**Q** 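Got a structure for you, questions after.
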2 protein chains.
Amino acid sequence: MKYIEKLRNSGLRPTKQRLQICEVLFDADKTFHFTINELEKKIKKQINSKISLATVYNTIHAFEKKGYLKQIPINSNQTYFDTNVSDHHHFYDLNDEKLIDLENCDVGPINILKKINGKKIKSVEVLVKLED
Amino acid sequence: MKYIEKLRNSGLRPTKQRLQICEVLFDADKTFHFTINELEKKIKKQINSKISLATVYNTIHAFEKKGYLKQIPINSNQTYFDTNVSDHHHFYDLNDEKLIDLENCDVGPINILKKINGKKIKSVEVLVKLED
DNA sequence: TAACTACTTTATAATGATTCTAAAAAAGTG
DNA sequence: CACTTTTTTAGAATCATTATAAAGTAGTTA
Ligand SMILES: [Mn+2]
Ligand SMILES: [Mn+2]
Ligand SMILES: [Zn+2]
Ligand SMILES: [Zn+2]
């Protein structure tokens with residue numbers, strides 16, 4: 001019930017599928033990173049019903065547009081998303097192929113000295129690659 | 001002729017195709033960013049011969065493995081490469097969908113305060129997204 | 001509730017970047 | 001020139017993602 005308002009306020013109808021996806025994404029103890037494929041498995045396990053893959057894609061993109069999810073840029077054939085939408089950075093473990101959060105305080109302040117005429121900074125993201 | 005040694009020293013046979021791709025990539029006045037698709041067009045225009053798409057992929061990946069190219073992580077359906085292999089960061093212009101180099105000196109020093117046990121830092125990359 | 005409209009879900013097909021395959025060609029070696 | 005190994009190539013396969021279009025659902029108004 002707790003996500004109905006949230007969806008309505010975003011102009012998204014609170015459908016059964018969207019509410020189920022909300023549960024999986026936002027009722028977790030901790031925030032987490034995922035690909036669509038991983039999320040699909042998680043949904044199947046947690047909720048005991050099938051949601052069409054197209055709906056999962058649609059919903060994730062809708063949630064991203066509304067700012068409830070972030071897309072994490074790493075070189076992968078699959079897109080990674082993050083339920084942690086706070087301003088933060090990432091470790092990427094090249095061996096385990098896993099993302100790890102770096103809170104903003106874990107990285108010293110970042111100073112972008114160069115300016116581009118007529119453009120403004122929307123975000124600053126740091127990706128730290130790790131290896132054994 | 002000037003790339004024959006470079007390729008041999010890397011254990012890559014200096015074939016006609018590899019030498020032509022070297023010319024396009026490394027004889028340019030400035031370093032540049034590209035996707036495989038963009039590179040294919042560039043090759044067709046500059047060199048007047050066709051190189052199989054599979055060969056372009058093979059060669060680019062071979063060059064990347066040898067450290068002659070860098071892969072740039074941005075969220076795109078296509079992989080971006082960089083002929084500038086120096087340690088540097090990027091602006092990504094969301095409107096023009098173009099990468100712009102940020103030399104290391106354009107960004108203050110970055111301090112990663114968090115450590116992960118048994119892992120060492122391989123690289124630190126900053127992506128600054130720009131909008132109008 | 002019924003009727004109506006707009007939005008959503010779904011199975012399935014299409015797309016498109018990338019990788020694979022296996023045969024022909026080229027390079028290196030002696 | 002043989003002979004081996006690597007490379008190129010066209011075309012097929014893969015697979016994440018997006019498009020399609022028909023059926024279902026939500027919201028609204030009577
Ligand atoms: Mn997307
Ligand atoms: Mn690659
Ligand atoms: Zn994160
Ligand atoms: Zn660059």
Side-chain angles (χ1 to χ4, degrees), chain A residues 1 3-25 33-44 47-66 68-69 71-81 97, chain B residues 1 3-25 33-44 47-66 68-69 71-81 97:
Chain A
M1 308 293 115
Y3 296 113
I4 292 180
E5 271 308 288
K6 182 176 173 169
L7 290 173
R8 279 229 182 79
N9 293 339
S10 316
L12 297 171
R13 290 187 180 172
T15 64
K16 188 178 59 153
Q17 291 83 350
R18 283 175 179 163
L19 290 168
Q20 287 176 331
I21 293 175
C22 276
E23 276 182 49
V24 173
L25 292 177
H33 307 104
F34 64 92
T35 63
I36 297 284
N37 245 315
E38 291 165 355
L39 181 63
E40 226 207 343
K41 280 184 208 142
K42 208 167 178 154
I43 289 168
K44 236 176 252 162
I47 314 297
N48 207 27
S49 63
K50 193 198 173 265
I51 298 178
S52 164
L53 182 58
T55 301
V56 178
Y57 271 99
N58 287 341
T59 303
I60 292 310
H61 283 127
F63 286 5
E64 191 211 353
K65 206 166 288 174
K66 296 299 178 184
Y68 303 142
L69 290 173
Q71 221 177 307
I72 308 298
I74 50 172
N75 283 319
S76 167
N77 52 329
Q78 291 175 79
T79 305
Y80 274 80
F81 294 91
E97 295 185 333
Chain B
M1 307 294 114
Y3 296 113
I4 292 181
E5 271 309 285
K6 182 175 174 172
L7 291 172
R8 279 230 179 80
N9 293 339
S10 315
L12 298 170
R13 288 186 181 173
T15 64
K16 189 177 60 156
Q17 290 85 348
R18 283 174 179 164
L19 290 168
Q20 286 176 331
I21 292 174
C22 276
E23 275 182 51
V24 174
L25 292 176
H33 307 105
F34 64 92
T35 62
I36 298 283
N37 247 315
E38 290 166 354
L39 181 63
E40 226 207 341
K41 281 185 209 141
K42 208 167 178 153
I43 289 168
K44 234 176 254 161
I47 311 297
N48 207 26
S49 64
K50 191 196 172 269
I51 297 179
S52 164
L53 183 57
T55 301
V56 177
Y57 272 99
N58 288 341
T59 303
I60 294 309
H61 284 127
F63 286 4
E64 192 211 353
K65 204 165 291 172
K66 296 299 177 182
Y68 303 142
L69 290 173
Q71 222 177 307
I72 308 298
I74 51 172
N75 284 321
S76 167
N77 53 331
Q78 292 175 77
T79 304
Y80 274 79
F81 293 91
E97 296 185 332

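Here the structure is a predicted model, which is why all the values come from computation and not from measurement. Residue numbers start from 1 in every chain, and the chains themselves are labelled A, B, ... in the order their sequence lines are given, proteins ahead of strands.
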**Q** Return the residues of residues 47-56 of chain A meeting this criterion: a heavy atom under 4.0 Å from some atom of DNA chain C. Order them by number, or give none.
**A**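 When residues 47-56 of chain A is checked for heavy atoms under 4.0 Å from DNA chain C, the hits, listed by number, are A:Lys50, A:Ile51, A:Ser52, A:Ala54, A:Thr55.
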**Q** Could you check whether any side-chain N or O of A:Ser10 sits under 3.5 Å from a backbone N or O of A:Leu12, counting only pairs where one atom can act as donor and the other as acceptor?
**A**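 Not at all, since once roles are kept as given, no pair shorter than 3.5 Å links the two residues.
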**Q** Using a cut-off of strictly less than 4.0 Å, decide whether B:Arg18 has a side-chain nitrogen or oxygen near OP1 or OP2 of D:dT6.
**A**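 The answer is no; no side-chain N or O of B:Arg18 sits under 4.0 Å from OP1 or OP2.
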**Q** Nearest to the B:Gln78 side chain among C:dA17, D:dA16, C:dG28, which nucleotide is it?
**A**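 Side chain of B:Gln78 sits closest to C:dA17.
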**Q** Can you tell me if the side-chain N/O atoms of A:Asn37 get under 4.0 Å from OP1 or OP2 in D:dA16?
**A**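 For D:dA16, OP1 or OP2 has a side-chain N or O of A:Asn37 closer than 4.0 Å.
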**Q** Angle class for the B:Tyr68/B:Phe63 ring planes (parallel below 30°, perpendicular above 60°, tilted otherwise)?
**A**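 Perpendicular: the ring planes of B:Tyr68 and B:Phe63 meet at over 60°.
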**Q** Find every protein N or O atom lying less than 3.5 Å from an N or O atom of nucleotides 23-26 of chain C, and list the pairs.
**A**
none

**Q** Quantify the bending of the helix from C:dT1-D:dA30 to C:dG30-D:dC1 as the angle between its end axes, each fitted on five pairs, to 10°.
**A**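 One end's axis against the other's: 30°.
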**Q** Decide yes or no for B:Leu53 and B:Ile36: does some side-chain heavy atom of the first lie under 4.5 Å from some side-chain heavy atom of the second?
**A**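 Yes, at least one pair of side-chain atoms sits under 4.5 Å.
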**Q** Nearest 0.5 Å, what's the OG1-CD distance between B:Thr59 and B:Gln17?
**A**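 Atom-to-atom, B:Thr59:OG1 and B:Gln17:CD are 7.5 Å apart.
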**Q** Heavy atoms, side chains only, cut-off 4.5 Å: are A:Tyr3 and A:Leu25 in contact?
**A**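 No - every pair of side-chain heavy atoms lies 4.5 Å or more apart.
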**Q** Taking the nucleotide of DNA chain D with the nearest heavy atom to each, does A:Ile36 or B:Asn58 sit closer to the 5' end?
**A**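 Counting from the 5' end, the first nearest nucleotide belongs to B:Asn58.
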**Q** Under 4.5 Å between any side-chain heavy atoms of B:Arg13 and B:Arg18, yes or no?
**A**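 A side-chain contact exists here, since the closest heavy-atom pair is under 4.5 Å.
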**Q** Check the phosphate of C:dA17 against B:Thr79, side-chain N and O only, distance under 4.0 Å to OP1 or OP2. Yes or no?
**A**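 So the side-chain polar atoms of B:Thr79 never come under 4.0 Å of the phosphate oxygens OP1 or OP2 of C:dA17.
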**Q** Would you say a side-chain N or O of A:Tyr57 is under 4.0 Å from OP1 or OP2 of D:dT18?
**A**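 No.
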**Q** Tell me, do A:Ile43 and A:Gln20 make a side-chain contact under 4.5 Å, heavy atoms counted?
**A**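 No, side chains not in contact.
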**Q** Does a side-chain N or O of A:His61 approach OP1 or OP2 of D:dT18 to a distance below 4.0 Å, or not?
**A**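 So the side chain of A:His61 is within the cut-off, an N or O lying under 4.0 Å from OP1 or OP2 of D:dT18.
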**Q** Once you round it to whole Å, what is the distance between C1' of D:dG27 and CD1 of A:Ile4?
**A**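 From A:Ile4 CD1 to D:dG27 C1': 14 Å.
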**Q** Quick one, A:Glu64 and A:Phe81 - any side-chain contact, counting heavy atoms below 4.5 Å?
**A**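 Counting from C-beta outward, A:Glu64 and A:Phe81 do come under 4.5 Å.
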